[in-house]
Student: 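Attaching a single structure in structure tokens format; questions to follow.
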Amino acid sequence: MNYEFEAIEAKWQKIWEEKKLYACQNGGDKEKFYALVEFPYPSGEGLHVGHPRPYTAMDIIARKKRMEGKNVLFPMGYDAFGLPTENYAIKHHIHPRAVTEKNIANFRRQLKSLGYSFDWDREINTTDPKYFKWTQWIFLQMFKNGLAYKTKMPVNWCTSCKCVLANEEVTEGVCERCGSPVIRKEKSQWMLRITKYADRLVDDLENLDYIERVKLQQTNWIGRSHGAEVTFRSTLGDEILVYTTRPDTLFGATYMVLSPEHELIGKWMEKLENPEEVRAYQAAAAAKSDLERTELNKEKTGVKLGGVMGINPVNGKEIPIFISDYVLSTYGTGAIMAVPAHDDRDWAFAKAFGLPIIEVVAGGNVEEAAFTLKDDTGIMVNSGFLNGMTVRQAIPAITKWLEEQGIGRAKTNYKLRDWVFARQRYWGEPIPIVHCPVCGQVALPEEQLPLLLPDVESYEPTDDGESPLSAITDWVNTTCPKCGGPAKRETDTMPQWAGSSWYYLRYMDPHNDEALASKEALEYWSPVDWYNGGMEHTTLHLLYSRFWHKFLYDIGVVPTPEPYAKRTSHGMILGANPHYVGNFDTQEQKDEMLRKYGSDALRPAVKMSKSLGNVVNPDDVIREYGADTMRLYVMFIGDFEKAATWSPNAVKGCKRFLDRVWAMAESVTGDAAEYSAENMSRMHKTVKKVTEDIDALKPNTAIAALMTLLNEIGDHCNRAELKTFLQLLSPFAPHICDELWERKGFEGICSVSQWPAYSEDKCRDQTVTMAVQVNGKLRGTIQAEADCADSDAVAAALADEKVARFLAKQGGSLRKSIVVKNKLVNLIVK
RNA sequence: GCGGGCAUGGUGUAAUGGCAGCCACGGUGGUCUUAGGAGCCACUGGAGAGAUCCGUGCAGGUUCGAAUCCUGUUGCCCGCACCA
């Protein structure tokens, strides 16, 4: 009989579901293991081939841990609030809830068709009121603890989504989601005080088992820098506070720069000699989108404030004050002292405006370029009492002096901004706050949670930037929970990242009505042992959820200071680029592609997209080759951490492998309960290799080892060897293994059988092939007894025919020999 | 500009100081066949008839020995980007 994957996969998926084979318990004698993958956003397009890569990898880990006797929590759910669903609902006049339900049903079907060992009893959905009740509850705790606040501030505004965006959602000045330009807009916004946790979010990374690039990216994003705040005075008498990481260069400050939005400018405006010019510059800066600011950042612009000067506190020198948009109002104090000799941007500005450049750290040529090294390379000059010190010595010395003079202090700054936590859209969690004209912002009493979304006629965002909820007057108008007077509900909703910031906790106890999860469940399962997800979430979801978790830890809700013990990340799956020049034979065609698509035509692989027509639908692959082949291929495609290109041909190779596994199983006869002597070390080696490679997240080489084993023993495999082979393959291709296990009459179900053991001892061969080098170059190989004495190996090497011939030809005598046990002999001859 | 990563056959890749190219795709030849876009077998880094020689982006270095470590350099990818 042939390998009929369609019937087999349907059969086993049904059995697993009916037996609840992969359900786990909260508690028990077994050691717990919590494996987590990022839950998907259930889009209308369905599962992308990118999804099965991380999901299959963690499924393999979960399945192996289960076979190793652990109590494994491996859950799945849906992060279902969000704009695409809402936009689809608007376009097709359907309620977003209906769209969400339809999409989830499709995702669930697709996930089940891949045979993942999720505990389906724990499925969650962030748009379920029973779920978002607790999202709202956490928000209220933050509000009560002063971490959620509303403030008027310039925000990122997407001109197409008509919605504010978090800093993390803006890339190169455009909306990360839709690619439209983002502009700055003054708006009153709910914010979360993530900056309060900045230090802990950086420092606690140290003890986490995260891959290095995730730690680095989070550290860079938080962007902690140490420096000093220094108070300058103006000739009009005001104090101007600046932030600098280089207080050592204070004597070299030859001018100052304020951001165009700085408050002192308004105060001075009356007294300025050039108010028109200043106002014009401010207006121009305000009108620029982030994109324009980014594009124009090479050329420095600015306006000198006429009629006011700054006074350098270290030497009393009067220096000019400029406004320029290279100084950001949102970082530091929005004002800087400019030291052109030792800062690249200040240098460029000084050159453009003909300002003096005073060297205060010797070691470079400040007329040619700024000298910016912050180590012991340079010596302080032109700097009064700092002269002769290195930069490293000067920084604490000047900081101490500033503190003594009462005009400055050490200061730490962060690039991290507070999190803009509101969206002017319908399909999100309502913010459970009431605005009372008497009492102000009032938290909704917890017993009134969840605060449900009202049904509305239209989900269209309004042009004035208000949420569609603002038009639902019977929902908006309410009474104040505090004073009972008339009040209005908050009409903004939470951003998409809200629900996903704590979802891993809900899986621990998903049906709890009393708490987000029981104390016992949280104690038992925390922390997540292994979390795999995309690099694109490093500074968004991953950072946000660490922040929420730390807050929940501080108020005693969760038992651990960090949510995830280990974090790994997968590479993207790319599609073939139809415009790639390598696809074309004639020079004319190549030129045509280059002309049309530019450097894009030089990439063989690109992100899959509908417009390129290179999208692969998992349903099609499963229909043609089966889920086991699909799983195997996405794991075999290449290094898990790197981007990989989908190859329709390579999929066939995985199908062929499974066909051969089927044929091998059918051919096995007899009742051997032990490996044959001939295959002994081979079996043990493969068990070791597969065991270690799964733990090291190298599924590609584990599969290669299984393919090698099949090639080696396929035609003389005994029953014991087949049993182990099926168990090793089972996490990768569970359906075919369970089927063959049953057909061959093994006991129980392969998927939950005990993971095979190996012994180091039996991994060793009796005789080994050793390479023989002469002066480091390979000249032959010898067969030697394993672990033989070095002298025996050398003797055997010298006796080898090829080696002897070479030595005779070359002449000279043996000076030295290096033996690497069981591997190599290197003869040094001169 | 800053931070990180990568570079190996026709292709995806493997080897992380010890026989470069495991495994797979593709290719060539054979076999079976009414047929082969199925299966099976053999070969498949380059040059050479061969013994051999050459070969991991490029140039150096360390080492008995380097794809692997170090220095420099070129190209590509990712993240951040006027963060003082």
Side-chain angles (χ1 to χ4, degrees), chain A residues 171-173 212-221 223-225 227 242-246 249 257 259 293-294 296-300 324-328 330-339 342-346 348-349 372 413-417 535-536 538-539 571-572 582 599 602-605 633 636-639 641-654 656-657 659-660 663 698 700-711 769-781 802 805-806 815-829:
Chain A
T171 308
E172 286 174 15
E212 250 348 272
R213 56 199 173 120
V214 167
K215 290 189 185 186
L216 268 162
Q217 246 186 61
Q218 289 207 346
T219 305
N220 289 343
W221 183 261
R224 178 162 63 189
S225 76
V242 305
Y243 173 72
T244 176
T245 55
R246 294 296 302 274
T249 62
V257 187
S259 67
R293 256 175 108 132
T294 309
L296 294 172
N297 78 23
K298 267 142 207 120
E299 289 189 20
K300 297 277 183 285
S324 172
D325 61 5
Y326 87 87
V327 172
L328 307 174
T330 48
Y331 182 77
T333 61
I336 62 158
M337 63 174 208
V339 185
H342 305 289
D343 180 280
D344 291 323
R345 294 148 303 176
D346 297 346
F349 190 88
T372 58
N413 258 324
Y414 306 88
K415 291 185 196 174
L416 185 69
R417 300 271 80 91
M535 278 310 285
E536 70 275 19
T538 301
T539 54
M572 243 192 311
S599 61
L602 296 172
R603 298 166 214 271
Y633 177 58
F636 190 60
I637 194 166
D639 185 336
E641 292 207 348
K642 288 191 200 131
T645 311
W646 186 270
S647 155
N649 271 328
V651 183
K652 291 183 201 157
C654 291
R656 270 178 221 150
F657 169 65
D659 286 337
R660 291 207 304 275
K698 287 175 181 262
N700 51 332
T701 49
I703 294 168
L706 288 167
M707 288 174 168
T708 307
L709 183 64
L710 177 78
N711 292 343
T769 307
M770 294 177 74
V772 181
Q773 297 182 334
V774 178
N775 294 338
K777 285 216 163 204
L778 183 73
R779 296 298 172 190
T781 56
K802 262 172 95 178
R805 198 173 351 125
F806 182 83
R815 291 292 168 88
K816 189 178 166 188
S817 58
I818 288 142
V819 179
V820 181
K821 256 215 190 319
N822 300 334
K823 281 203 168 151
L824 154 151
V825 179
N826 189 6
L827 305 169
I828 313 304
V829 176

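In what follows, chains are A, B, ... by sequence order, proteins preceding strands, each numbered from 1.
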Student: Do the side chains of A:L328 and A:S259 get nearer than 4.5 Å, heavy atoms only?
Tutor: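 A:S259 vs A:L328: side chains apart.
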Student: Can you tell me how far C1' in B:U71 sits from the matching atom in B:C64, rounded to whole Å?
Tutor: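 To the nearest whole Å, 23 Å.
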Student: State whether the side chain of A:R213 and the backbone N or O of A:M535 hold a donor-acceptor pair below 3.5 Å, judged by distance alone.
Tutor: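 The answer is no, because no donor-acceptor pair under 3.5 Å joins these two groups.
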Student: Nearest whole angstrom, please: distance from the P of B:C25 to the CZ of A:F657.
Tutor: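 A:F657 atom CZ is separated from B:C25 atom P by 12 Å.
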Student: Can you tell me how far C1' of B:C2 sits from OH of A:Y331, to the nearest Å?
Tutor: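 For the pair A:Y331 OH and B:C2 C1', the rounded distance is 14 Å.
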Student: Just N and O in the side chain of A:N775: are any of them under 4.0 Å from OP1 or OP2 of B:C64?
Tutor: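 Indeed not, no polar side-chain atom of A:N775 lies that close.
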Student: Counting only side-chain N and O atoms of A:K300, is one of them less than 4.0 Å from OP1 or OP2 of B:A84?
Tutor: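 So the side chain of A:K300 is outside the cut-off, no N or O lying under 4.0 Å from OP1 or OP2 of B:A84.
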Student: Find out whether A:I818 and A:Q773 are in side-chain contact, i.e. whether some heavy atom of one side chain is under 4.5 Å from a heavy atom of the other.
Tutor: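 No; the side chains remain at least 4.5 Å from each other.
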Student: Counting distance only, does the side-chain N/O of A:R779 pair as donor-acceptor with the main-chain N or O of A:G776 below 3.5 Å?
Tutor: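 Side chain of A:R779 to backbone of A:G776, a donor-acceptor pair under 3.5 Å: no, none is there.
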Student: Taking for each residue the nucleotide of RNA chain B bearing the nearest heavy atom, is the 5' side occupied by A:K816 or by A:K802?
Tutor: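 That would be A:K802.
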Student: Carefully, step by step, assess A:N775 and A:I828 under the rule side chain to side chain contact (heavy atoms under 4.5 Å, CB included).
Tutor: CA-CA 5 Å; A:N775 294 338; A:I828 313 304; 3.8 Å; yes
Student: Within 90° of 0 counts as syn, otherwise anti: where does B:G9 fall?
Tutor: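 Syn for B:G9; the angle stays within 90° of 0.
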Student: Taking the P atom in each of B:G36 and B:U28, what is the distance between them to the nearest angstrom?
Tutor: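 Rounded to whole Å, the distance is 15 Å.
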Student: On the six-membered ring of A:Y326, is A:K300 placed so that its NZ or CZ lies under 6.0 angstrom from the centre and within 45° of the ring axis?
Tutor: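 Yes, A:K300 and A:Y326 form such a contact.
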Student: Whole angstrom is fine here: how far is it from CG in A:D344 over to P in B:A84?
Tutor: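 Distance, rounded to whole Å: 12 Å.
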Student: Return the set of residues passing side-chain contact (heavy atoms from CB on, under 4.5 Å) with A:K642 (not counting sequence neighbours), or none when no residue passes.
Tutor: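 Counting only residues at least two positions away or on another chain, A:K642 forms a side-chain contact (heavy atoms from CB on, under 4.5 Å) with A:D639.
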Student: Taking the P atom in each of B:U62 and B:A14, what is the distance between them to the nearest angstrom?
Tutor: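 It works out to 31 Å between them.
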Student: Regarding A:K777, tell me which of base, sugar-phosphate or nothing describes its non-hydrogen contacts under 4.0 Å with the strands shown.
Tutor: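 Answer is sugar-phosphate: A:K777 comes under 4.0 Å of backbone atoms only.
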Student: What's A:R656 touching, base or sugar-phosphate or nothing? Going by heavy atoms closer than 4.0 Å.
Tutor: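 A:R656: backbone/sugar contact only, no base atoms under 4.0 Å.
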Student: Compare all side-chain heavy atoms of A:D343 with those of A:R246 and state whether any distance is below 4.5 angstrom.
Tutor: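 Answer no - side chains too far apart.
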Student: Taking B:G12 as the reference, what is the distance to B:G26 when you measure between their C1' atoms (whole Å, please)?
Tutor: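 So the two C1' atoms sit 11 Å from each other.
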Student: How far apart are the C-alpha atoms of A:K415 and A:N220, what are their side-chain angles, what is the distance that settles it, and do they pass the side chain to side chain contact (heavy atoms under 4.5 Å, CB included) test?
Tutor: CA-CA 8 Å; A:K415 291 185 196 174; A:N220 289 343; over 6 Å; no
Student: Could you summarise the pairing of RNA chain B as dot-bracket text, marking Watson-Crick and G-U pairs under 3.5 Å with ( ) or [ ] inside the strand and | across strands?
Tutor: (((((((..(((.....[....)))((((((.......))))))(((....)))..(((((..]....))))))))))))....
Student: Scan A:N711 against the nucleic acid and name what it touches under 4.0 Å (heavy atoms): base, sugar-phosphate only, or nothing.
Tutor: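 Here A:N711 touches the backbone only, sparing every base.
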Student: Is the shortest side-chain N/O distance from A:Y326 to OP1 or OP2 of B:A84 below 4.0 Å?
Tutor: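 A:Y326 to B:A84 OP1/OP2: no side-chain N or O under 4.0 Å.
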Student: Using whole Å, what does the distance between atom P of nucleotide B:G1 and atom CG of A:D343 come to?
Tutor: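 Value for this atom pair: 15 Å.
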Student: Between B:A84 and B:C70, how far apart are the C1' atoms? Round to whole Å, please.
Tutor: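 Approximately 35 Å lies between the C1' atom of B:C70 and that of B:A84.
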Student: Using modelled atom types and a 3.5 Å cut-off, is there a donor and acceptor pairing between side-chain atoms of A:Y633 and backbone atoms of A:S647?
Tutor: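 Yes; at least one donor-acceptor contact below 3.5 Å.
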Student: Measure NZ/A:K415 against C1'/B:C2 and give the value in whole Å, please.
Tutor: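 That distance rounds to 7 Å.
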Student: Can you tell me how far C1' in B:U33 sits from the matching atom in B:G39, rounded to whole Å?
Tutor: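 It works out to 11 Å between them.
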Student: Considering only atom C1', compute the distance from B:G5 to B:C54 and round it to an integer number of Å.
Tutor: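 About 31 Å, rounded to a whole number of Å.
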Student: Between B:A24 atom P and A:D659 atom CG, what is the distance in whole Å?
Tutor: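 For the pair A:D659 CG and B:A24 P, the rounded distance is 14 Å.
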Student: Assign A:I828 to base, sugar-phosphate, or nothing according to its heavy-atom contacts below 4.0 angstrom with the strands shown.
Tutor: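 If one applies the 4.0 Å heavy-atom cut-off, A:I828 turns out to touch the sugar-phosphate alone, with no base involved.
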Student: Quote, to the nearest angstrom, the C1' distance that separates B:U16 from B:G21.
Tutor: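 To the nearest whole Å, 16 Å.
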Student: Round to the nearest Å and state the distance from A:R779 atom CZ to B:A51 atom P.
Tutor: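 For the pair A:R779 CZ and B:A51 P, the rounded distance is 14 Å.
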Student: Which of these nucleotides, B:C23, B:C80, B:U52, is closest to any side-chain atom of A:W221?
Tutor: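 Given the options B:C23, B:C80, B:U52, the side chain of A:W221 is closest to B:C80.
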Student: Each nucleotide in nucleotides 3-21 of chain B should get exactly one letter: B, S or -. Can you fill that in based on protein heavy atoms under 4.0 Å?
Tutor: SS-------BSS---BB--
Student: Within the 4.5 Å heavy-atom criterion, are A:M337 and A:T249 side-chain neighbours or not?
Tutor: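 Touching, per the 4.5 Å side-chain cut-off.
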Student: To the nearest angstrom, how far is A:K215 atom NZ from B:C78 atom P?
Tutor: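 So the two atoms are 25 Å apart, to the nearest Å.
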